[in-house]
Amino acid sequence: MDSQIKWDKIVKKYPEANFLQSPEYAKMNEILGAKVIAEEFHGKGYALMIVRNAKRGRYLEIPCGPLTNWQDKKAVDEIFQKIIKIASEEKCVFVRIRPQLTADRNNLQILEKHGAKKSPMHLAAEHTVMIDLNSTEEELLAKMRRQTRYEVRRADKLGIKVICDRDKALFEEFQKCQAETAKRQNFVPPSLKTLMAEREAFGDKIIIYKAITDKKEPIAYGLIIKNGLEADYYEAASTLLNRKLPGAYALLWQVMKDLKAEGYQRFNLWGIAPAGQPNHRYAGVTTFKTGFGGEVVEYVPAHDLIISKIKYIKNLTVETMRKKRRHL
């Protein structure tokens with residue numbers, strides 16, 4: 001069966017699915033040289049798994065998956081057994097999973113029951129803002145924080161325009177700006193190689209938005225990936241002009257209007273700081289993102305299924321130090 005037809009059927013069965021379990025994400029990882037395993041569990045679930053070769057230990061990554069009915073105890077048992085078997089065959093030290101499950105006690109107990117331990121690092125926007133696009137534009141504006149609504153309207157008065165494209169030159173421009181943004185804000189941006197692999201794999205489902213002044217000066221950029229019922233504000237960048245001009249506000253509002261017109265049901269703003277962590281790396285963007293009126297969603301944190309306990313200790317030590325150093 002064609003991978004896209006199969007994926008369309010999976011999304012209908014598991015509407016929470018996003019691009020990180022898609023055939024396009026599989027292709028992107030294969031372009032970058034990673035081994036990808038797509039497994040259907042006898043009609044009881046699905047998981048796209050990527051084998052990661054890290055110096056601290058080879059591991060199997062399942063971002064935003066597996067997809068299954070988590071209340072079906074027998075199905076979940078079988079899926080975990082199969083995942084551990086695959087990881088062992090691939091000589092992995094551990095499996096890192098972060099399902100699309102909200103972080104309530106019952107869901108955490110499901111993972112704990114199957115031997116999963118909380119990971120020292122996050123995986124795939126565990127805390128985020130989800131905007132429901134099944135509203136009119138007037139309703140979307142009304143749900144925004146007053147200051148956010150003001151900035152959206154101010155951008156229009158200032159003549160700020162938002163354009164979008166997916167040509168190679170714009171991806172290169174975005175990468176340069178994001179590298180400068182990363183220096184100012186102290187984060188590790190994706191390489192141009194990774195961005196180009198995403199562009200090749202996702203085709204017309206990936207696009208870069210760019211907010212510009214009336215003199216065509218760049219203010220802010222946003223890389224949007226669309227898949228299934230969801231679109232994601234996956235990467236961003238800005239120039240120094242964004243400190244005084246509401247370019248990012250204009251950009252996100254335009255994206256929201258476009259996605260709504262295209263029939264997407266939700267817009268994932270992809271990553272905010274956990275509550276009560278003012279020193280978190282994402283603290284600066286949290287106020288901005290929450291201002292757009294979406295629902296703050298907390299998914300279960302990434303969990304690890306340990307295959308080799310002795311080798312896993314090295315990974316745990318390295319990642320614990322890295323998390324502290326990066327203010328995550």
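One is the number of the first residue; the rest follow in order along the sequence.
- Between Phe94 and Tyr312, the two ring planes are perpendicular [angle over 60°; tilted spans 30° to 60°].
- Partners of Phe174 under the ring pair (Phe, Tyr, Trp, His ring centres under 6.0 Å) rule, at least two apart in sequence or in another chain, do not exist in this structure.
- Checked against the 6.0 Å centroid threshold, Trp270 and Phe19 count as a close aromatic pair.
- Between Glu90 and Lys35 there is a salt bridge, since at least one side-chain N of the basic residue sits less than 4.0 Å from a carboxylate O of the acidic one.
- A search for side chain to side chain contact (heavy atoms under 4.5 Å, CB included) contacts involving Tyr150 returns Gln147, Arg154, not counting sequence neighbours.
- Taking 4.0 Å as the cut-off between side-chain N and carboxylate O, Glu40 and Lys6 count as a salt-bridged pair.
- Ionic pairing of Arg98 and Glu126 is not present here: no N-O contact between side-chain nitrogen and carboxylate oxygen is shorter than 4.0 angstrom.
- Taken together through direct or relayed side-chain contacts under 4.5 Å among Ile, Leu, Val, Met, Phe, Trp and Tyr, Tyr233 and Leu140 form part of one hydrophobic cluster.
- Every pair passing side-chain hydrogen bond (donor to acceptor under 3.5 Å, both in side chains) that includes a residue from residues 242-257 is listed here, sequence neighbours excluded: Gln254-Asp258.
- Taking a cutoff of 4.0 Å between a charged side-chain nitrogen and a carboxylate oxygen, Glu24 and Lys205 qualify as a salt bridge.
- Within the structure, side-chain hydrogen bond (donor to acceptor under 3.5 Å, both in side chains) contacts touching residues 213-224 (residues at least two apart or in different chains) are Glu173-Tyr221, Thr213-Glu217.
- Sorted by first and then second residue, the side-chain hydrogen bond (donor to acceptor under 3.5 Å, both in side chains) pairs involving residues 192-203 (not counting sequence neighbours) are Ser191-Thr194.
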Could you pull out every donor-acceptor pair under 3.5 Å between side chains of residues 47-54 and any protein atom, sequence neighbours left out?
residue : atom : partner : partner atom : Å
Arg52   : NE   : Glu61   : OE2          : 3.4
Arg52   : NH1  : Asn29   : OD1          : 2.9
Arg52   : NH2  : Asn29   : OD1          : 3.1
Arg52   : NH2  : Glu61   : OE2          : 3.1
Asn53   : OD1  : Arg58   : NH1          : 2.5

